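Report on the following structure.
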Amino acid sequence: MESAPPVVVAIDGPSGTGKSSTSKAVAAQLALSYLDTGAQYRAITWWMVSNGIDLEDPSAIAAVAGKPEIVSGTDPGNPTITVDGMDVAGPIRTQEVTAKVSAVSAVQEVRTRITELQRALAGSAERGIVVEGRDIGTTVLPDADLKVFLTASPEARAARRSGELKGSDVHSTREALLKRDAADSSRTASPLAKAADAVEVDTTELTLAQVIECVVTLVQEKQAGK
Ligand SMILES: Nc1ncnc2c1ncn2[C@@H]1O[C@H](COP(=O)(O)OP(=O)(O)O)[C@@H](O)[C@H]1O
Ligand SMILES: Nc1ccn([C@@H]2O[C@H](COP(=O)(O)OP(=O)(O)O)[C@@H](O)[C@H]2O)c(=O)n1
């Protein structure tokens, strides 16, 4: 039997809408690769913080954007991320990195560099890939076979996020999350946006299992040529 052509799936949306959990599960179920592009922006931000780069100064960020070597593992069962050979899966999730990532990801030189990495990984995935982020359907992979834009109410997103972060309260989590969404949506370089041809799924009232099933069905329909 001939093997199916690779399928490329772009999943975008704001924080806490379920992109990572959905993308990982969909990729695992369909034996596709998986790429968390937020982890890449977090990794370059972690490197800049660790090296004392002035994040108030976009030109200082731009000047060193090419320095760190960022490598993403694309197995949905074991996604990995390293910077210059160091495993940074833990350090990229600190509140400090979360608070600073939008300033770094707004710099065009950073985006150009990370977008190149993303396209190379998508192009080399034999069976196909699920790529999640903010600008995958609009900029990184505008020819993706399927584009999904996940949304959810700010309350649902804040409740989900604060459920993950021990000791955080929903109110401050909500404020931090909305601030980051506003920065990501208003930047000039490849802002968070829904592609015109993306399928929007509001996950507010859906369980994670329902969202996964919905996206798996959309991918299978594409693969069947519907
Ligand atoms: N539909 C859903 N209902 C309830 N909780 C969800 C749903 N989707 C995701 N979650 C939970 O919300 C949290 C954030 O999900 P995540 O996939 O990391 O979102 P994102 O990648 O969009 O920021 C995780 O703990 C996840 O298990
Ligand atoms: N394709 C992408 C993905 C993330 N990002 C940036 O990276 C940050 C972290 O993304 P993330 O997906 O890890 O964030 P969460 O939704 O997990 O909180 C975002 O707030 C954006 O600033 C981006 O600019 N473009």
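Keep in mind that what you see is a predicted model, and the values were worked out from it rather than measured. Note that ligands are numbered from 1 as they come in the structure, with each ligand's atoms numbered from 1 the same way.
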Under 3.5 Å, is there a donor-acceptor pair between the [X] and [Y] side chains?
X	Y	value
Ser162	Thr173	no
Asp135	Thr138	no
Ser102	Arg187	no
Thr203	Arg160	yes

### Message
Evaluate Leu208 against Thr22 for side-chain contact (heavy atoms from CB on, under 4.5 Å), listing each step before the verdict.
### Response
CA-CA 7 Å; Leu208 177 56; Thr22 304; 3.7 Å; yes

### Task
Answer yes or no: does atom CD of Glu213 have more than 12 heavy-atom neighbours from other residues, nucleotides or ligands under 6.0 Å?
no

### Message
What does the 4.0 Å heavy-atom contact list look like for ligand 2?
### Response
Ser15, Lys19, Thr37, Gly38, Tyr41, Arg42, Arg93, Val101, Ser102, Ser105, Arg111, Gly133, Arg134, Asp135, Ile136, Arg161, Arg180, Asp184, Arg187

### Any donor-acceptor pair under 3.5 Å from Arg111 side chain to Ser105 backbone
yes

### Task
Non-hydrogen atoms closer than 4.0 Å to ligand 1: which protein residues do they belong to? List them by chain and number, please.
Pro14, Ser15, Gly16, Thr17, Gly18, Lys19, Ser20, Ser21, Arg160, Arg161, Glu164, Thr203, Leu206, Thr207, Leu208, Val211

### Message
Any non-hydrogen side-chain atom of Arg134 less than 4.5 Å from a side-chain atom of Ser15?
### Response
yes

### Query
Is it true that Asp36 and Arg93 have a side-chain N and a carboxylate O under 4.0 angstrom from each other?
yes

